[in-house]
Amino acid sequence: MKKIQGIHAWLIPVLLMLIIATTAGCVLLAGGAVGAGTYAYVSGNLKTTYDASLQQTWNATLKALQSLDLKTDEEEFDAFTGVLKGNMADGREFYINLKKVTAETTEVAIRIGMGDQKVSKTIHGEILANLQ
């Protein structure tokens with residue numbers, strides 16, 4: 001029984017240090033950028049939230065598409081949402097949905113074809129670069 005207590009004596013502090021270290025790293029990652037440290041992949045959409053207004057994020061998104069030579073077929077924008085639709089050179093459709101979360105945060109969901117995460121991440125990277 002004393003042996004188990006001895007293991008617990010060093011195991012619990014080690015586990016707590018690991019938890020703190022991994023949590024602290026995540027906080028630093030998320031706080032280091034303009035709010036695009038974490039992505040969620042849901043139903044083919046790669047989502048993240050930017051620490052920028054809807055208008056700023058809309059402008060950064062349009063600039064990102066222009067720099068990647070992606071042309072839109074449809075653009076809709078109001079005080080709460082923005083939608084961009086178009087086709088890539090290979091024929092796949094892209095959809096970008098922006099949603100105002102607060103006055104200074106905007107959620108952006110990108111879907112390429114059936115859900116190309118790599119291309120979606122590239123577009124998110126361009127948006128983030130335009131916001132900095």
Side-chain angles (χ1 to χ4, degrees):
M1 189 74 160
K2 287 185 179 183
K3 199 171 199 177
I4 294 173
Q5 289 175 343
I7 291 172
H8 284 212
W10 67 267
L11 184 60
I12 291 173
V14 169
L15 289 174
L16 286 174
M17 287 175 22
L18 286 172
I19 291 170
I20 290 169
T22 57
T23 303
C26 291
V27 171
L28 289 174
L29 272 176
V34 183
T38 306
Y39 295 98
Y41 188 70
V42 182
S43 301
N45 292 291
L46 190 64
K47 295 182 179 184
T48 195
T49 301
Y50 295 98
D51 292 330
S53 71
L54 177 62
Q55 184 66 60
Q56 291 170 318
T57 308
W58 175 261
N59 292 340
T61 303
L62 291 174
K63 190 174 177 182
L65 293 177
Q66 184 179 24
S67 69
L68 295 168
D69 291 324
L70 294 172
K71 310 274 186 275
T72 58
D73 298 327
E74 192 176 319
E75 296 181 14
E76 297 177 25
F77 183 80
D78 61 34
F80 305 100
T81 60
V83 177
L84 296 160
K85 296 178 184 178
N87 289 295
M88 301 185 62
D90 63 8
R92 292 182 295 167
E93 293 180 320
F94 68 84
Y95 302 91
I96 302 176
N97 295 294
L98 296 84
K99 182 173 76 172
K100 179 179 180 176
V101 179
T102 69
E104 294 303 318
T105 57
T106 305
E107 179 186 85
V108 178
I110 299 175
R111 182 184 182 106
I112 307 296
M114 297 302 289
D116 186 329
Q117 288 185 46
K118 184 178 176 183
V119 175
S120 296
K121 229 178 210 187
T122 299
I123 296 170
H124 273 298
E126 286 291 318
I127 294 168
L128 180 60
N130 292 328
L131 287 170
Q132 293 179 339

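Note that the coordinates shown come from a computational prediction; the quantities given were computed from them, not determined experimentally. Residue numbers start at 1 and run along the sequence shown.
- In this structure, E76 has no salt bridge (Lys or Arg N to Asp or Glu O under 4.0 Å) partners at least two apart in sequence or on a different chain.
- With values rounded to the nearest 0.5 angstrom, T106 atom OG1 is found 5.0 Å from L54 atom CG.
- For the pair F80 and K99, the minimum side-chain heavy-atom distance is 4.5 Å or more.
- At least one donor-acceptor pair closer than 3.5 Å links the side chain of T57 to the backbone N or O of S53.
- In this structure, the side chain of D73 does not engage the main chain of G86 through any donor-acceptor pair within 3.5 Å.
- With respect to the salt-bridge test (charged N to carboxylate O, under 4.0 angstrom), the residues K118 and D116 do not qualify.
- Taking hydrophobic clusters as Ile, Leu, Val, Met, Phe, Trp and Tyr residues chained together by side-chain heavy-atom distances below 4.5 Å, L98 does not share a cluster with Y95.
- Atom CD in E93 sits 10.0 Å away from atom CD in E74 (nearest 0.5 Å).
- Between V108 and I96, some side-chain heavy-atom pair lies under the 4.5 Å cut-off.
- Residues V119 and K121 have side chains not in contact (no heavy-atom distance under 4.5 Å, counting atoms from C-beta outward).
- Taking OG1 of T61 as the start and CD of Q56 as the end, the distance is 11.5 Å to the nearest 0.5 Å.
- Put simply, CD on Q117 and CG on L46 are 6.0 Å apart, with the number rounded to the nearest 0.5 Å.
- Taking the side chain as every heavy atom from C-beta outward, F94 and L65 approach each other to under 4.5 Å.
- In the displayed structure, Q55 atom CD is contacted under 6.0 Å by more than 12 heavy atoms of other residues, nucleotides or ligands.
- When the side chains of ILVMFWY residues are joined at heavy-atom separations under 4.5 Å, either directly or via intervening members, L62 and L70 end up in a single hydrophobic cluster.
- How far NZ of K47 is from NE2 of H124: 10.0 Å, rounded to the nearest 0.5 Å.
- Taking all atoms of both residues into account, the shortest heavy-atom contact from M114 to Y41 is O-OH, 4.3 Å.
- Checked by atom type, the side-chain pair T72/E75 shows a donor-acceptor distance below 3.5 Å.
- Checking S67 against E126 by side-chain atom types alone, a donor-acceptor pair falls below 3.5 Å.
- Considering N97, T122, N45, I127 in turn, I127 is the only one that fulfils the side-chain contact (heavy atoms from CB on, under 4.5 Å) rule with I110.
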Worked check of side-chain contact (heavy atoms from CB on, under 4.5 Å) between Y50 and L128 = CA-CA 8 Å; Y50 295 98; L128 180 60; 4.1 Å; yes
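- For the pair I112 and M88, the minimum side-chain heavy-atom distance is below 4.5 Å.
- Both L131 and F77 are part of a single hydrophobic cluster, where members link through side-chain heavy atoms under 4.5 Å apart.
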